[in-house]
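Working notes for the structure below.
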Amino acid sequence: MAVFVTGGAGYIGTHTIVELLENNEQVVVLDNLSNSSEESLKRVTMITGKTVDFYQGDILDSDLLDNIFTTHEISAVIHFAGLKAVGESVEQPLKYYKNNVAGTVILCQAMGKANIKNIVFSSSATVYGDPASLPIKEDFPTGATNPYGQSKLMVEHILTDLANSDPSWNIAVLRYFNPVGAHESGLIGEDPNDIPNNLMPFIAQVAVGKREQLSVFGNDYDTHDGTGVRDYIHVVDLAKGHLRALEKLNTAPGLVTYNLGTGQGYSVLDMIQAFEKASEQTIPYQIVARRPGDIAVCYAAPEKAKQELNWQATHSIDDMAQSSWKWQSSNPNGYES
Ligand code: NAD
Ligand code: WQD
């Protein structure tokens, strides 16, 4: 039996596949390489000494999914494939709804047809919008503020209806907080296509000399140093959470939802400082206006995942900065180098 991983050539996908292979799982990957390259999967093989069955194609292609599901014996699906740039989603909402929402519907239809009914879905803390209190628990009200977030919330609702309609589905909705860092080997990591939208890859590119300076979006928030606070989680911790979620699905829980975060909030300036320590470089930055849509503080209540999945994050902020620096400094141009 194999685990089918959509979007497996991407950032979180590759790290999760390493964990799956090291746990002796067979892995089948589908990725259209719209935001990744096949080189990432070659690196996975370098780390593990194992290979995956790779299909370059799209989750919107139902014939291809049918073909994969008849060729391979699949026990469960981990569904990472999706577009994730918040700003782009505001400019091109239909692209996001088609890819993320319609894509998931087509995937689930093909799964149902093949009688594969265990799925782990990549959701996001963005579904909590601006929380009324902290830390954020899974039962907090949801509400997204941009089409990307809406697409995640819509999929959550679709999966809930699916589980209600047919109790033989087992679905783990994982709400990631802010994934950062890289595998300790330095062989795989986050490789943004263009100018990074997210903080850590931007800092890493400044440290390696690809960008002149970081813009810090606002220092007048109600936080310990005025800059935004987030729950940064090491991608390897996150990857391990997926294996625990797969184990949970084997107990036939129906639909379950978990925060994957550390429960600890760090500010933008905290992250800069950690990166300066790890890289032994100064990170030049300037304070600029707040980024529209940003919230002041966001961090998880991680207890539910600890109790029910026996999972908790173990990597520190220094581990996040060091691994990110190792990846960026050994691959200044990402997988192209
Ligand atoms: P990523 O872009 O590195 O990986 C996503 C992969 O999916 C890419 O390799 C891309 O080529 C592929 N893909 C996209 N659309 C596809 C399609 N229609 N068919 C086949 N492949 C397709 O992103 P990531 O950071 O690894 O994120 C993985 C998932 O986790 C996404 O669904 C994302 O929305 C979600 N998520 C990410 C974060 C984050 O900050 N990185 C936070 C919360 C949730
Ligand atoms: C973190 C902090 C910024 C860049 C986004 C998505 C969310 C999820 C994770 C997918 C904030 C500040 C950032 C920069 C800065 N993705 N910042 N200068 O906004 O918490 O979440 O990624 O699901 O949906 O919205 O992450 O890394 O962009 O920002 O000062 O150049 O860093 O203001 O306080 P965010 P981020």
Side-chain angles (χ1 to χ4, degrees), residues 5-16 29-38 40-41 55-61 64-65 78-87 89 95-96 98-100 102-104 106-107 121-129 144-146 148-149 151-152 155 174-180 189-193 195-203 205-206 211 213-219 221 223 227-233 235 238-239 242 260-261 265-272 285-299:
V5 182
T6 74
Y11 173 46
I12 306 170
T14 44
H15 288 83
T16 303
V29 175
L30 173 65
D31 199 304
N32 64 8
L33 304 183
S34 60
N35 196 37
S36 52
S37 75
E38 209 179 332
S40 67
L41 293 172
Y55 292 83
Q56 182 174 348
D58 206 292
I59 52 168
L60 289 158
D61 183 346
L64 175 60
L65 291 170
I78 306 183
H79 178 31
F80 293 111
L83 299 171
K84 61 169 183 176
V86 172
S89 81
K95 181 175 170 185
Y96 275 68
K98 181 177 178 190
N99 198 75
N100 294 3
T104 305
I106 289 168
L107 172 67
F121 172 62
S122 300
S123 189
S124 166
T126 195
V127 302
Y128 295 114
T145 53
N146 56 69
Y148 166 72
S151 77
K152 291 291 170 189
V155 170
L174 303 182
R175 293 176 177 159
Y176 313 152
F177 279 67
N178 288 57
V180 297
E190 187 166 10
D191 181 19
N193 257 343
I195 302 171
N197 298 306
N198 296 111
L199 178 66
M200 275 296 262
F202 204 106
I203 295 180
Q205 291 196 3
V206 172
R211 316 229 165 250
Q213 65 175 354
L214 172 75
S215 293
V216 175
F217 299 141
N219 67 348
Y221 287 107
T223 62
T227 64
V229 166
R230 296 291 183 273
D231 186 337
Y232 296 95
I233 174 164
V235 66
L238 193 66
H242 291 74
L260 294 186
Y266 288 107
S267 72
V268 176
L269 297 184
D270 292 335
M271 297 310 283
I272 293 175
Y285 69 87
Q286 59 168 346
I287 308 288
V288 301
R290 291 181 179 192
R291 183 171 63 179
D294 271 359
I295 58 176
V297 186
C298 171
Y299 58 91

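When reading the values below, keep in mind they use all heavy atoms of this one structure, side chains included, and skip hydrogens, waters and symmetry mates. Numbering of ligands and ligand atoms starts at 1, following listing order. None of these values were measured; they are calculated from a predicted model.
Under a 4.0 Å criterion applied to the non-hydrogen atoms of Y148, ligand 1 contributes the atoms 33 (C), 34 (O), 35 (C), 36 (N), 44 (C). Close approach of ligand 1 to S123 is summarised as follows: ligand atoms under 4.0 Å from at least one heavy atom of the residue are 43 (C), 44 (C). Residue L33 approaches ligand 1 through these ligand atoms, each under 4.0 Å from one of its heavy atoms: 11 (O). Counting atoms of ligand 1 from 1 in the listed order, those under 4.0 Å from a heavy atom of P179 are 38 (C), 39 (C), 40 (O), 41 (N), 42 (C). Those atoms of ligand 1 that come under 4.0 Å of a heavy atom in S122, given as number and element, are 29 (C), 30 (O), 32 (O), 35 (C).
Of the protein's heavy atoms, Y148 OH, 2.5 Å lies nearest to atom 23 (O) of ligand 2. For atom 12 (C) of ligand 2, the closest heavy atom belonging to the protein is V268 CG2, 3.6 Å. With hydrogens left out, the protein atom closest to atom 33 (O) of ligand 2 is D294 OD2, 2.5 Å, a heavy atom. When only non-hydrogen protein atoms are considered, atom 26 (O) of ligand 2 lies nearest to N178 ND2, 3.1 Å. The shortest contact between atom 28 (C) of ligand 1 and any protein heavy atom is with F80 O, 3.6 Å. Counting only heavy atoms of the protein, atom 24 (O) of ligand 2 lies nearest to T126 CB, 3.3 Å. With respect to atom 27 (O) of ligand 2, the closest heavy atom belonging to the protein is L199 N, 2.8 Å. With hydrogens left out, the protein atom closest to atom 2 (O) of ligand 1 is N35 ND2, 2.7 Å, a heavy atom. Here the protein heavy atom with the shortest distance to atom 25 (O) of ligand 2 is V86 CG2, 3.5 Å. Ranking the protein heavy atoms by distance from atom 11 (C) of ligand 2 puts R230 NH2, 3.7 Å first. Given atom 13 (N) of ligand 1, the protein heavy atom at minimum distance is N32 OD1, 3.4 Å. In terms of protein heavy-atom proximity, atom 3 (O) of ligand 1 is nearest to Y11 N, 2.8 Å.
With atom 31 (O) of ligand 2 as the reference point, the heavy atom nearest to it among Y232, F217, Y221 is part of F217. The closest non-hydrogen atom to atom 10 (C) of ligand 1, taken over T126, T104, D31, comes from D31. Within the set G10, A102, S40, G82, the minimum heavy-atom distance to atom 14 (C) of ligand 1 is found for G82.
Remark: H15 engages Y11 in a ring pair (Phe, Tyr, Trp, His ring centres under 6.0 Å) (not counting sequence neighbours). Listed by chain and residue number, L83, E88, Q92 satisfy the side-chain contact (heavy atoms from CB on, under 4.5 Å) test with K95 (two or more places apart in sequence, or in another chain).
Side chain of S40 to backbone of A9: a donor-acceptor contact under 3.5 angstrom is found.
Any N or O atom pair closer than 3.5 Å counts here, and D58 shares at least one such pair with ligand 1. An N or O contact shorter than 3.5 Å is missing between L30 and ligand 1 by distance. Distances between N or O atoms of S36 and those of ligand 1 include at least one value under 3.5 Å. Between K84 and ligand 1, at least one N/O pair is under 3.5 Å apart. Geometrically, ligand 1 and I12 share a nitrogen or oxygen pair separated by less than 3.5 Å.
Within 6.0 Å of OH in Y285 there are 12 or fewer heavy atoms belonging to other residues, nucleotides or ligands.
At a 4.0 Å cut-off, not a single heavy atom of G103 sits close enough to ligand 1 to count as contact.
Residue-level proximity to ligand 1 for K152 is carried by the side chain, the only part with a heavy atom below 4.0 angstrom.
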